[in-house]
2 protein chains.
Amino acid sequence: MQFDDKVPIYYQIKNNLYHRIVAGDLAPGEKLPAVRQLAVDLTVNVNTVQRALSEMVTEQVLTSKRGVGNFVTMDTARITALKQRLSHGYIERLYTQLHALRLSDGEIVTAIQAYITANKEE
Amino acid sequence: MQFDDKVPIYYQIKNNLYHRIVAGDLAPGEKLPAVRQLAVDLTVNVNTVQRALSEMVTEQVLTSKRGVGNFVTMDTARITALKQRLSHGYIERLYTQLHALRLSDGEIVTAIQAYITANKEE
DNA sequence: TATTGTGTAATAGAGAAGTAGAACACTATT
DNA sequence: AATAGTGTTCTACTTCTCTATTACACAATA
């Protein structure tokens, strides 16, 4: 995983885990790799991983059992809500940004369709 | 202007200026407010403004005349290219993010159209 | 030429993020 | 009971961002 040095690493780790949970790559109830293992995988310090995880525990996206491991929540409704929140947020940001560049609603849709079309041919 | 504490302020100032230039709010050749004035307007330190501006000078989006002021480039092709670069980057990021959430190409377009439709009615 | 407005640069300090390393608390297993 | 694997916490250090302050360089103008 590569990081954007403009954004805190722990924050990017959180988002990466969000994505893997929403995508089902990490299933409800599934145990995460140990914090030390995650740190190695991400070539990051344990504390940085811990910060990301502990925030997600507070948000109840993860649960933590001391001496055992960290687990994805079993509450699928919460995961669905997370997906909703993330996708809506991403779209809203894009819309705001393109609007600031003075693209009309129609131009925005067209630009995205053009991007997708161009991508398919690769 | 409000700042996101997850991203460096100088970086956000750059993006804000990019947007204002691309949108034509700041015309080619137009003089920017004095750095000290910008600092006051943004409630930020002069050095922070200076860092944003000097990077944009390096990128040749702005030109600087010591003792006179900072000016938007007269090179309209460069501004057009900037708009292209920004909008493409924004779209690419959204696409990547929604794809990571396992939305198909069709669902992506639909979701954006839905967002725009919902927005119009407000 | 003196003053004012402008960009530019340099220093010192505060705070946040990240790293490194160690220690502690708990669980499961042998 | 001992050991290994796990989460959790703490301290010290570095780097980056931002602030505050001061000083310098250049241009326009009274």
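So you know, we letter chains A, B, ... as the sequences are listed, proteins then strands, and number each from 1.
Mapping B:Tyr11 and A:Ser64 onto DNA chain D by nearest heavy atom places A:Ser64 closer to the 5' end of the strand. When each of B:Asn45 and A:Gly67 is assigned the nucleotide of DNA chain D with its nearest heavy atom, A:Gly67 is the one assigned upstream, toward the 5' end.
If you check every strand for non-hydrogen atoms under 4.0 Å, B:Asn47 touches a base.
For the OP1/OP2 pair of D:dT17 and a distance below 4.0 Å, the side-chain nitrogens and oxygens of B:Thr48 include no atom meeting the criterion. Distances shown here put a side-chain N or O of B:Arg51 below 4.0 Å from the OP1 or OP2 atom of D:dT17. Contact check, A:Ser54 against D:dT8: no side-chain N or O comes under 4.0 Å of OP1 or OP2. For D:dT17, the OP1/OP2 oxygens have a side-chain nitrogen or oxygen of B:Tyr10 closer than 4.0 Å.
Atom pair A:Leu38:CG and D:dT6:P shows a separation of 11 Å (rounding to whole Å applied). As a whole-Å value, the separation of B:Lys65 NZ from D:dA28 C1' is 13 Å.
Between A:Glu59 and A:Lys14 there is a salt bridge, since a side-chain N of the basic residue sits under 4.0 Å from a carboxylate O of the acidic one.
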Practice item. Give the intermediate values and the outcome of side chain to side chain donor-acceptor pair (under 3.5 Å) for residues B:Asn47 and B:Tyr10. Key: CA-CA 9 Å; B:Asn47 295 327; B:Tyr10 79 91; over 6 Å; no
Exercise for review: Take A:Gln37 and A:Asp41, measure what side chain to side chain donor-acceptor pair (under 3.5 Å) needs, and give me the verdict at the end.
Suggested key: CA-CA 6 Å; A:Gln37 187 56 48; A:Asp41 295 346; 2.9 Å; yes
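Between the side chain of B:Arg36 and the base of C:dG5 there is no donor-acceptor pair of N/O atoms closer than 3.5 Å.
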